[in-house]
Amino acid sequence: MLEVSRIREEKEVVIERLKVRNIDVTEKLEEVLSLDTKRKETQLIMDNDLTELNSLSKEIGNLFKSGNIEEANQLKAKTVTLKDNASQQKQNLSEIENAIQKILYTIPNVPNKIVTPGKSDQDNKIVFESGKMPTLPANAQPHWDLIKKYDLVDFELGVKITGAGFPVYKGKGARLQRALINFFLDEATNAGYQEVIPPLLVNEDSGYGTGQLPDKDGQMYHDAQDNLYLIPTAEVPITNIYRDVVLQESDFPIKNVGYTPCFRREAGSWGSDVRGLNRLHQFDKVEIVQLAHPDKSYGILDEMVAHVKGLLDKLELPYRVAQLCGGDLGFTSALTFDMEVFSAAQEKWLEVSSISNFETFQANRLKLRYKSGNNKPQLAHTLNGSALALPRILASILENNQTGNGINIPKVLVPYTGFDKI
RNA sequence: GGAGAAAUGGCAGAGUGGUCGAAUGCGGCAGUCUUGAAAACUGUUGUGCGGCAACGUACCGGGGGUUCGAAUCCCUCUUUCUCCGCCA
């Protein structure tokens, strides 16, 4: 959520930068500013009423003490209208505040100035390519066939138990999945991230804190009975650890990593690219989250990208890094890099990680601040990235490493799988 | 799920209708003393909103109510603890 103070201070910049998302927020910002002015006026009136009310109350107290009952009762009568006024203003105030918030909830984050305009992922800028495409055997198969052939993942079984998009991993498939999770967690831990195992269901406050609500209501599975949401990513519970927290400047950087299953309804996104493991309702992911000093967050974003590149290098997968254009940028992000792995048999680039700097957008909702010295608390920056999302990694490992009579396991995973071939 | 107790500042802990944003202790910060440190002493030390500031205002788990006036009384919700029941 944008800060009103920022809108007031650099309205033109905000409008200009949001144009790369193909939206014009001029009217909304004007509305926010005029409501904010009204808010200040209303509070001033209310505060004045309250000031008078408070001093009358004190007087009445003193009169009662000194036995001046009659005079006290006279003053009491005077408080009635003041009280009415104050409570009316209080109601106005909260209506105005709600109206401001309602608008702010509809405005996405202001993109970083290097974000280019564009409509869709077609317009993203490829900023790095690792090269080294695999050469496949003549009879190469896409992973959904390999999975069946070697009995690694069973989709039909998942349909029987739950529904489409909830696969059952079996045997070496399950083991490979677990190996990847452990590998990713170990790599992150070695890079200084603290591992956490967060809850998989979150409350409404947490959903608002990281910006999934109200923007993506409907994309999350919702337990109406207890009003809890199944997490679409570990970002939600992990970042919300720091909701309503004031850190010391010396606490930075704060680095957390967590493995969780992720649950996404994927409403309306059923298309051609959903075969096999490409798009699921439940999938596993290791997520890295950092909290940073505003001056350091972009350096940290680079560091996180480098970390994920390192993972893909070690897995010996061909990949590229895309800098998202305005039209493809997530609602809450100021700058995002997507990591895409080439899955050779289906000849597709699959997004396996999305690494973003949210600047203060989440922190403002979370009330996540830091203090340096005796200065007033300032909003911190939040960042996160997948390191990594499992199913598509699995898909590309299977496809790229097939030999015609088996599948080679990347060397780095062998200590985790206990086998080097499927 | 049933019965009872509780929720106060970074922490501990007082406060049961007015002068309480809240005693006291610990911790933090600044200073005195010291070659330096410790100890001792002195001062200072929550957050939001409005305001250049002075200051005003709100906040004692959340929401609502009673009252001229609520940390204090009432209702409700949440959470924690104890006992009972159930259970991985």
Side-chain angles (χ1 to χ4, degrees), chain A residues 1-9 32-104 197-209 213 223-229 237 240-252 254 261 291 360 362-380:
Chain A
M1 190 163 68
L2 291 186
E3 299 131 87
V4 177
S5 59
R6 180 172 183 190
I7 295 173
R8 193 172 283 286
E9 280 158 27
V32 167
L33 290 180
S34 91
L35 281 167
D36 192 50
T37 307
K38 213 165 145 196
R39 192 198 101 239
K40 290 181 188 180
E41 291 167 0
T42 308
Q43 190 182 339
L44 191 65
I45 297 170
M46 184 182 77
D47 280 358
N48 287 338
D49 284 346
L50 288 173
T51 307
E52 210 174 321
L53 209 49
N54 286 340
S55 75
L56 276 176
S57 295
K58 258 176 208 167
E59 268 185 69
I60 291 169
N62 289 332
L63 287 172
F64 270 123
K65 252 180 219 165
S66 58
N68 251 326
I69 312 287
E70 269 181 45
E71 214 174 318
N73 282 330
Q74 276 172 9
L75 283 187
K76 264 199 204 180
K78 280 176 73 177
T79 64
V80 177
T81 44
L82 277 175
K83 264 173 81 173
D84 283 351
N85 288 349
S87 77
Q88 181 61 49
Q89 296 304 334
K90 189 181 171 188
Q91 202 185 322
N92 291 348
L93 195 62
S94 81
E95 276 166 19
I96 293 167
E97 280 167 351
N98 286 340
I100 291 174
Q101 192 170 62
K102 205 172 157 193
I103 298 170
L104 289 180
I197 301 178
L200 305 182
L201 285 126
V202 295
N203 59 31
E204 217 175 18
D205 285 346
S206 294
Y208 277 98
L213 292 174
D223 164 28
Q225 199 166 10
D226 295 306
N227 197 23
L228 296 173
Y229 294 85
N240 271 281
I241 291 172
Y242 302 95
R243 173 152 47 85
D244 291 318
V245 165
V246 181
L247 299 160
Q248 288 301 316
E249 191 175 11
S250 55
D251 294 335
F252 291 129
I254 290 177
L291 312 185
T360 58
Q362 291 183 328
N364 190 30
R365 292 193 186 188
L366 292 162
K367 296 198 184 68
L368 162 57
R369 293 164 297 170
Y370 73 95
K371 233 178 148 168
S372 60
N374 287 325
N375 295 327
K376 281 205 145 198
Q378 304 282 320
L379 293 174

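Naming: A, B, ... by sequence-line order, numbering from 1 per chain.
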### Task
Rounded to the nearest 0.5 Å, what's the gap from CG on A:D205 to CZ on A:R365? Could you check?
12.0 Å
### Query
Is there a donor-acceptor contact under 3.5 Å from the side chain of A:N98 to the main chain of A:S94?
yes
#### Entry: Pairwise P distance for B:C87 and B:G4, with rounding to whole Å
24 Å
### Task
Please determine, by modelled atom types, if A:Q88 and A:N92 share a side-chain donor-acceptor pair under 3.5 angstrom.
yes
### Spacing of the C1' atoms in B:U67 and B:U16 (rounded, Å)
16 Å
### Message
Within the 4.5 Å heavy-atom criterion, are A:L53 and A:T79 side-chain neighbours or not?
### Response
yes
### Query
What interatomic distance, in whole Å, is found between C1' of B:G15 and the corresponding atom of B:C20?
9 Å
### Nearest-Å distance for atom pair NZ/P, residues A:K371 and B:G48
8 Å
### Message
I need the A:L366 CG to A:T360 OG1 distance, nearest 0.5 Å.
### Response
11.0 Å
## Note on the structure
The residue, A:N62 or A:P377, whose nearest nucleotide of RNA chain B is more 5′ is A:N62
### Task
Quote, to the nearest angstrom, the P distance that separates B:G28 from B:C11.
15 Å
#### Entry: Test item: A:N227 and A:E204 side chains (from C-beta on) under 4.5 Å apart, heavy atoms
yes
### Query
Between the side chains of A:N203 and A:S206, is a donor N or O closer than 3.5 angstrom to an acceptor N or O?
yes
### Message
Distance check, P atoms only: B:G46 and B:G21, in whole angstrom units.
### Response
15 Å
### Query
Roughly, in whole Å, what's the span from CG in A:L247 to C1' in B:G10?
13 Å
### Query
Mind checking the C1' distance from B:C77 to B:A54? Whole angstroms is fine.
41 Å
### Message
Using whole Å, what does the distance between atom C1' of nucleotide B:C49 and atom CZ of A:R8 come to?
### Response
13 Å
### Message
Counting only side-chain nitrogens and oxygens, does A:R39 get under 4.0 Å of the OP1 or OP2 atom of B:C49?
### Response
no
### Query
Just wondering, do A:L201 and A:Y229 contact through their side chains at under 4.5 Å, heavy atoms?
no
### Query
Just how far, in rounded Å, is P of B:G50 from CD of A:E97?
10 Å
### Query
Under 3.5 Å, is there a donor-acceptor pair between the side chain of A:D251 and the main chain of A:Q248?
yes
### Summary
A:K376 NZ to B:G46 P, in whole Å, measures 12 Å
### Message
Would you compute the distance between atom CG of A:L291 and atom CG of A:L247 and round it to the nearest 0.5 angstrom?
### Response
6.5 Å
### Query
Separation of A:D251 atom CG from B:G10 atom C1', in whole Å?
12 Å
### Query
What is the per-nucleotide protein-contact pattern of nucleotides 58-75 of chain B, from the 5' end, where B denotes a base atom under 4.0 Å from a protein heavy atom, S denotes such proximity for sugar-phosphate atoms only, and - denotes neither?
S---------BS------
### Query
Just to confirm, is there a sub-4.0 Å distance from OP1 or OP2 of B:U47 to any side-chain nitrogen or oxygen of A:R369?
no
#### Entry: Distance, rounded to the nearest Å, where A:N227 contributes CG and B:U78 contributes P
13 Å
### Task
Could you measure between the two P atoms, the one in B:C75 and the one in B:A3, and give it in whole Å?
15 Å
### Task
Could you work out the separation of B:U66 and B:C59 based on their P atoms and round it to a whole Å?
16 Å
### Task
Write down the distance between CD (A:E59) and C1' (B:U19), rounded to a whole number of angstrom.
14 Å
### Task
Both distances under 3.5 Å, Watson-Crick or G-U wobble: on that basis, could you give the dot-bracket string for RNA chain B, with [ ] for crossing pairs and | for other-strand partners?
((((((((.[[[..)..(.....]]]((((((.......))))))(((((....))))).[[[[[..)....]]]]])))))))....
